[in-house]
2 protein chains.
Amino acid sequence: MFKPTTIKDIAKALNLSTSTVSRALRGGYEISEDTKKIVLEYAEKINFQRNPIALSLRERRSYSIGVVVCEVANQFFSQAIDGIESIAYSKGYHVIISQTHDKYNREVINTEHLANRSVDGLLISLSAETKDYAHLVRLHQQGLPIVFFDRILDSIKTHKVTSNNRDGAFKATEYLIKKGCRRIAHLANASQLSITSERKTGYEDALGKYGIPLDENLVRYCEYGGSNKQEVDEAVKYFLDMRDRPDAIFVASDRLSTGCLAALKKYNAKNNILIAGFSNSDVVELLNPSLSAVRQPAFEMGRKAAEMLISLIESKYPVEEFETAILETTFHENT
Amino acid sequence: MFKPTTIKDIAKALNLSTSTVSRALRGGYEISEDTKKIVLEYAEKINFQRNPIALSLRERRSYSIGVVVCEVANQFFSQAIDGIESIAYSKGYHVIISQTHDKYNREVINTEHLANRSVDGLLISLSAETKDYAHLVRLHQQGLPIVFFDRILDSIKTHKVTSNNRDGAFKATEYLIKKGCRRIAHLANASQLSITSERKTGYEDALGKYGIPLDENLVRYCEYGGSNKQEVDEAVKYFLDMRDRPDAIFVASDRLSTGCLAALKKYNAKNNILIAGFSNSDVVELLNPSLSAVRQPAFEMGRKAAEMLISLIESKYPVEEFETAILETTFHENT
DNA sequence: GTGAAAGCGCTAACAT
DNA sequence: ATGTTAGCGCTTTCAC
């Protein structure tokens, strides 16, 4: 059995009391330099580590933060997680990642589980399926610090981090227009997501600026956020089968973008339709059909969100003023 | 402050002792149906959850397993993690993921941290940099259940899961040969990794089978496993600059493969050199230059590894017999 | 400066 | 069937 040494073992070995050892270990000043030295050296020698679980129980905090994302196999989220970790580690926190796979059920289970005193705070990007927010409202009311990022929620008052989705979508759509496209379809994410409406607005604004009327028939929503390959395939097929086929597609997300390209390839339509969309893939410039991409500052978003969460966790007084950070996207043409 | 209800609160509210409540909650049979019902209903009503930290402290186990991988932003590992989670959740375990970014230091820190009684066992794929295994040996000796997957370690006696790297490499190399290539370079991973030598052997075997002599000048190792973009770039450049330029490259890993394609594109060499390599990317068929790929059964590997680890954790008696599972790869031509 | 004791939330003997 | 108690590993009053 795996049985690590405890403070008690050290006390016994050194003929001291556990409290003395404890104090020495955490460098309390009310301890003689001699004993402190002895303890520290011994602890070092046997590679002693305080039991974090006992510590958590006692201090009623775990020095860990929970991260809930739909999927880790997604460049945007894995980059965001790297950002989160970079801050968390530097401030002595652990990061516990959990995936929803865009399922509402998993989101509820995961947040509950994480919340129940095993994390000090929660960083969450909503699942595509989530329409009921009661699980989050309750945790938030109970006082669990929560920060939303990317797929945020208006109704809960807390810190939030997003990218400038409207502007990103605008840039992508405008790019397509400037390339001469006029019938620009929009392959959108689940309709209830914050990012979906923001990106749609950017799309509309760009069309408006160039006097192209919005045609709702050219907009398809993927309610499973692309987790369902078939859903994307059908949406693309729908576009391709239109009597008046679109000459471009603006795609709202990473998952959707790759799904869209795969469908275009499958239907052999890759040459007569231009694609631009959100993607943080690191192989975006190697794709064929090519994908001009709106890239979100995922790493920075993760950093920012983690900073906000930790400030919430460590705040001595209840925080009343909340901030929504909006980071800028960049656009990369690929041909 | 986030202050969840405790068993004590329930006891007080219901005028019972904490032990009765505890027993009712875990369905001990030595409790009257009436009280059990009352307690359960009340707990349900207030959405009570036992404090997992207190539980861990008491039971000396956390019902969580630690996963150490180099990077989550890697299709192979994220698929493997999905497999791990599928098993872990079904058996009531949590999964704590930590990334080494292929740094030895981070591997040491992360494993220590996870091990120290906050996980019941460890699933690990070694970092590219790791040459010293003392940190793992120590934990293993102390009795922490460890299962290696993908990048395994011979010297520690425990369960292991890999794919048939030799055969995968053989298939890829043979494919290139059958395509008419004769000067086949090999872009390899860090030389100390198990997968590196296994894949190199497959490469050599294929060359041997077709009577092509092995030329060590055609083999380049990437000691940072491709984490260092420049390293890959230089290796590819080295191949391209050879007086007798290779007509194909067999690439040993996902990260390396995309880095290799990027370099080929950069140096405008994508048309006269054929690439085959290990990759679990889900966009592999969309890549240009194209990448014919050896795909590992990542999800299955994760499942298998998790099953092995949990059986180790839950074994009543010390396990002495260990198994190394070797799963088969598949090869996918892309042109 | 150091030790004894209580308590964080929970469970499992050990009473009754 | 239920209550009392001790203890998981740690920190922190409170004594001395």
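In what follows, chains are A, B, ... by sequence order, proteins preceding strands, each numbered from 1. Keep in mind that the numbers below use all heavy atoms, side chains included, and drop hydrogens, waters and symmetry copies.
Cation-pi geometry between B/R61 and B/Y63 is satisfied (NZ or CZ under 6.0 Å from the ring centre, within 45° of the ring normal). Because its NZ or CZ atom is both nearer than 6.0 Å to the ring centre of B/Y89 and within 45° of the ring axis, A/R106 counts as a cation-pi partner of that residue.
Using modelled atom types and a 3.5 Å distance limit, the side chains of A/D120 and A/S62 yield a donor-acceptor pair.
One finds a side-chain N or O of B/T35 lying less than 4.0 angstrom from the OP1 or OP2 phosphate oxygen of D/dT2. Side-chain N/O atoms of A/K8 include one lying less than 4.0 angstrom from OP1 or OP2 on D/dC8. Within the structure, a side-chain polar atom (N or O) of B/S32 is placed less than 4.0 Å from OP1 or OP2 of D/dT2. In this structure, B/T20 does not reach the D/dT2 phosphate: none of its side-chain N or O atoms is under 4.0 Å from OP1 or OP2.
The nearest whole Å value for the distance from the CZ atom in B/R60 to the P atom in C/dA12 is 12 Å. Atoms CG (A/L55) and P (C/dG9) sit 15 Å apart, rounded to a whole Å. At whole-Å resolution of the value, CD1 in B/I31 and C1' in C/dA12 are 13 Å apart. Between the CD atom of B/E59 and the C1' atom of D/dG9 there is a distance of 15 Å, rounded to whole Å. Between the P atom of C/dC10 and the CD1 atom of B/I53 lies a distance of 11 Å, rounded to the nearest Å. Between the C1' atom of C/dG3 and the CD1 atom of A/I7 lies a distance of 14 Å, rounded to the nearest Å. Rounded to a whole Å, the CG atom of B/N51 is 13 Å from the C1' atom of C/dT11. Between B/E30 atom CD and C/dC14 atom P the separation is 14 Å, expressed in whole Å.
B/R58 comes within 4.0 angstrom of a base, heavy atoms only. When heavy atoms are screened at a 4.0 angstrom cut-off, A/S22 is found touching base atoms of the nucleic acid. Using a 4.0 Å heavy-atom distance criterion, B/R23 is classed as a base contact. Residue-level contact check: A/T6 touches the backbone only, with heavy atoms under 4.0 Å from sugar-phosphate atoms and none from bases. Nucleic acid contact class of A/R26 (heavy atoms, under 4.0 Å, all strands): sugar-phosphate only.
Taking only side-chain atoms of B/S17, from C-beta outward, the nucleotide of C/dT11, D/dC10, D/dT4 with the closest atom is D/dT4. The nucleotide whose nearest atom lies closest to any side-chain atom of A/S19 is, among D/dC10, C/dG3, D/dT2, C/dG3. Here the side chain of B/L57 is nearest to one of D/dG9, C/dT11, C/dG3, namely D/dG9. Which of C/dC10, C/dT11, D/dT2 sits closest to the side chain of B/F48 comes down to C/dC10.
When the shell of 6.0 Å around CD of B/E44 is examined, it contains 12 or fewer heavy atoms from other residues, nucleotides or ligands.
Comparing A/T18 and B/L16, the nucleotide of DNA chain D nearest to each residue sits closer to the 5' end for B/L16. Along DNA chain C, the nucleotide nearest A/K36 and the nucleotide nearest B/Q49 are compared for position; the residue whose nucleotide lies closer to the 5' end is A/K36.
Within the 4.5 Å cutoff, the side chain of B/T5 has no heavy atoms near those of the B/Q49 side chain.
Under the 6.0 Å cut-off for aromatic ring centres, B/Y104 and B/H135 qualify, their centroids lying closer than that.
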